[in-house]
Protein chains: 2
Amino acid sequence: MLRRSKPPDAAATPAGPARPRMEDVAAAAGVSMKTVSRVFNREPNVREATRRRVEEAAKRLNYLPNTSARSLAANRSYLVALLYDNPSSNYIMEVIDGVLDACRSADYNLMLRPVDYAGAGHVEAVGQVIAQYRPDGLVLTPPLTDDGALLERLRHLGVRYAGLSAKPGNVRIGAVLDERRAVAEMLAHVVALGHRRIGHITGHRDHGARAWRLAGYRDGLRRAGIAYDPALVVEGRHTFESGVAGARRLLDLAHPPSAIFAANDDTAAGVIFEASERGLRVPDDLSVFGFDDTPLSRQIWPGLSTVRQPSREMGRIAAEQLLREIRGTGTGRVVRVPYQLQLRRSIGPRRRA
Amino acid sequence: MLRRSKPPDAAATPAGPARPRMEDVAAAAGVSMKTVSRVFNREPNVREATRRRVEEAAKRLNYLPNTSARSLAANRSYLVALLYDNPSSNYIMEVIDGVLDACRSADYNLMLRPVDYAGAGHVEAVGQVIAQYRPDGLVLTPPLTDDGALLERLRHLGVRYAGLSAKPGNVRIGAVLDERRAVAEMLAHVVALGHRRIGHITGHRDHGARAWRLAGYRDGLRRAGIAYDPALVVEGRHTFESGVAGARRLLDLAHPPSAIFAANDDTAAGVIFEASERGLRVPDDLSVFGFDDTPLSRQIWPGLSTVRQPSREMGRIAAEQLLREIRGTGTGRVVRVPYQLQLRRSIGPRRRA
DNA sequence: CTGTTAGCGCATTCAA
DNA sequence: TTGAATGCGCTAACAG
């Protein structure tokens, strides 16, 4: 069969009109295929005039490289996988948006992999995915960023990865926000409003970040000269429901807190919900604050005070740094991003009961 | 250079140990490559014993087919693209989850494409994406499901697609929920609680679904013998902010409604927020209901009454039907999914002012 | 700075 | 029911 006689059954594979190939572009521009390849891969060593000729020919023919062929020949997938296990869709969606931004600029594709972090064999499952799709790199979100077993496997497999992290020093490539400092600063603010009994609903037991936010909480107390009271700290799971449950426990205490720090916005929403159920007014009777500044924090009433975490940017940065390494255009590094206290109406001065 | 002498610089591409190829499996099983190929593509005409031998050999060697090579040879991408333009991350994330479920079962990969529906040239942009990545099919969410120009282009390009739709008959393959009926039913419920002046904050002007939900609203009024009052219908955009703005307009009326139907949950959250800002109690002073039953509807206080839309399932179904066509295992069809009135505390009996 | 050639790993003819 | 040969479209190596 002659090569390139357009397939007789073009109707079977709904592919539209036959696509031009690199060879066609090369012919049209009067250069070799390799030169076209260079232009499309932004390699150096192409005269500017030549580059332009090629680009014009490509545009004229409406040429776009075939990703499968590129992948096969180059032994790359042009694929970045995002691994996540986080119950907050708002958070994940922001990260996705950021990662997509970076991927688009690099003509990379994003692959989504929800990971059941708690489930046995999640490391194995990730290994399978990598073996099958060979992503050129991974982006990890918390808590996977801190999952020792997973990271070790990734290193063993030789896969590059970047992470979004809550603690400086915990990741080699990616975006970091110093959550400990952020929380401590927010606590200082709340203390300044007169609160002395400040409860905390922690993150999930297996989340590494749980520890940083808790540490920030303790830092804040210590600096204010307030003794740490374990009775005021209850366990959450980053979910709305765990916020409701945590609030119940804290508000049922004989001497309940006048303010509650929830490990994330979803949890904080649960606290506000439970307070409202009890007829408590926020912030008059109870101050509440969270972490992340997801859209939810604006959508509940009263508006939630929280630590703004630039999740979308963090996703973009992590992917960008990863792609730098993948494409060899530089060395990926850690970028520290700033947090910001987002003060809304859910916190207010302490009022005597 | 000899084929398959393992690349000398294996370290450069961090790929781990050399992967077995189909040839290796064939040799180990004592069959030809074609037979292995048949087994992996679940083609008929393979003796059961042979099939088993091949599968065992593959498992022993830890073989997984190379997607790029498959794509190139078969002229398929093994890729499904999800096109969306919806401001509610909760909603999109649920759809994504569903589509991912279906893709995983079929060993297909998901590609995410946010589309700027309002932006000029969004049809062009989608065309570019299709040309470059050649997804084997698309899943469309509202409002793209109803985007005539886009659909026409897709048909012209010969790309298969499935959709999530709000109106029976609007899509050839996918999942459909009859939103008009759903809204009318919810209205009947609210009318039964004594409400006669029921406001509506619509969806975005360009959303096709806007019309169905509005039609349901009018149906509901008509059946209750309530005259349609245009003054009670204001324009929204499916966002929280547009809910706040819409609520302001409605509540500022000389004769404000006692209940408000917001086109989606995000918008309804805005209404509740604005009501709370004004010191109105929901539902005592104002009943509010939305549409979608995203997590948000549980996370605000009071809990939001809404129409439960099984978004995740709809995503899964649409992708499944699409994949049936792609893989030739059947004919894609439209699956009607049930809605459900999700009654929470945000609606209550009308109280005389 | 540019071109030539081989082969990435699989599906696909068509024959047996 | 199975196998052998060919090429999908591109990049890599190396020569020029």
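Letters A, B, ... are given to chains in the order of the sequence lines, protein chains preceding strands, and every chain is numbered from 1.
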Original post:
Of the non-hydrogen atoms in A:Ile173 and A:Leu322, which two are nearest, and what is the gap between them?
Top reply: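 Heavy atoms of A:Ile173 and A:Leu322 come nearest at CG2-N, 4.1 Å.
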- Message: Taking atom CD as the centre, does A:Glu152 end up with more than 12 heavy-atom neighbours from other residues, nucleotides or ligands that are less than 6.0 angstrom away?
- Response: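 No, because the 6.0 Å sphere around CD of A:Glu152 holds 12 heavy atoms or fewer from other groups.
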* Do the side chain of B:Lys34 and the base of C:dA11 come within less than 3.5 angstrom through a donor-acceptor pair of N or O atoms? ->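 Between C:dA11 and B:Lys34, which were checked side chain against base, a qualifying N/O pair under 3.5 Å is absent.
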Answer yes or no: side-chain N or O of B:Arg38 and base N or O of D:dT2 forming a donor-acceptor pair under 3.5 Å.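 By the distance-only test, yes, there is a pair.
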### Query
Is the closest basic N to carboxylate O distance between B:Lys59 and B:Glu55 below 4.0 Å?
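Result for this pair is no, no salt bridge flagged.
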A:Arg60 and A:Glu56 ion-paired at < 4.0 Å:
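A salt bridge is absent here (no side-chain N lies under 4.0 Å from a carboxylate O).
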Is any side-chain nitrogen or oxygen of [X] closer than 4.0 Å to OP1 or OP2 of [N]?
X       : N      : value
B:Ser32 : D:dT2  : no
A:Asn41 : D:dT11 : yes
B:Ser37 : C:dC10 : no

If I take atom [atom1] in residue [X] and atom [atom2] in nucleotide [N], what distance separates them, rounded to the nearest angstrom?
X       : N      : atom1 : atom2 : value
B:Asn45 : C:dA16 : CG    : P     : 19 Å
A:Met33 : D:dT11 : CE    : P     : 8 Å
A:Arg76 : D:dC10 : CZ    : C1'   : 13 Å
A:Glu23 : C:dT4  : CD    : C1'   : 13 Å
A:Met22 : C:dT5  : CE    : C1'   : 15 Å
B:Asn75 : C:dC10 : CG    : C1'   : 13 Å
A:Arg21 : D:dG9  : CZ    : C1'   : 8 Å
B:Phe40 : C:dC10 : CZ    : C1'   : 12 Å

Show, in sequence, the C-alpha distance, side-chain angles and deciding distance for A:Asp85 and A:His122, and conclude whether the side chain to side chain donor-acceptor pair (under 3.5 Å) test is met.
CA-CA 11 Å; A:Asp85 176 16; A:His122 73 285; over 6 Å; no
| task | Dump the intermediate steps for side chain to side chain donor-acceptor pair (under 3.5 Å) on A:Arg172 and A:Tyr161, then the final yes or no. | result | CA-CA 9 Å; A:Arg172 207 179 58 73; A:Tyr161 59 87; over 6 Å; no
Which nucleotide in C:dT2, C:dT12, D:dG9 has an atom nearest any side-chain atom of A:Thr35: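 Closest nucleotide among those given: C:dT2.
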Among C:dG3, D:dC10, D:dA12, the one nearest A:Ala73 by side-chain distance: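 Side chain of A:Ala73 sits closest to D:dC10.
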Within residues 46-68 of chain B: residues closer than 4.0 Å to DNA chain D (heavy atoms):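 B:Val46, B:Arg47, B:Thr50 - these, ordered by number, are the residues of the stretch whose heavy atoms sit under 4.0 Å from the strand.
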query: Quick one: which of B:Asn75, B:Asn41, B:Asp107 gives a side chain to side chain donor-acceptor pair (under 3.5 Å) with B:Arg70?
result: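 Single pass found, and it is B:Asn41.
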